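Values reported hereafter were calculated over all heavy atoms of this structure, with side chains retained and with hydrogens, waters and symmetry mates removed. Predicted model, so just to flag it, every value in this text is computed and none were measured.
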Amino acid sequence: MLDLRLVATSLAMLIALLSVALADPAREQVRPAVQGATDARPIRVILPAPWEPATTQAEAHSTK
């Protein structure tokens with residue numbers, strides 16, 4: 001009985017893995033050589049250090 005469950009589970013996992021592997025063609029597509037303005041540079045967010053007090057957006061604009 002245990003062997004039958006093991007075989008059925010293994011077969012189900014094999015079918016599931018094969019279906020996922022065959023259903024993902026997006027990785028194999030060629031990316032265009034020309035990058036757009038948004039792809040050229042990543043967006044970086046500068047966060048305050050944990051020991052610095054948080055400033056509001058109004059305070060940040062008044063100091064500039």
Quiz prompt | Under 4.5 Å side-chain linkage, directly or through intermediates, the cluster mates of L18 | solution = L14
Kindly list each side-chain donor-acceptor pair under 3.5 angstrom involving residues 42-51, sequence neighbours excluded, with atom names and distances?
none

Exercise. List for me each residue that meets side-chain contact (heavy atoms from CB on, under 4.5 Å) alongside A16, sequence neighbours excluded, and say none if there are none.
Key: none
Quiz item: In Å, rounded to the nearest 0.5 Å, how long is the span from CG of L11 to CG of L6?
Solution: 11.0 Å
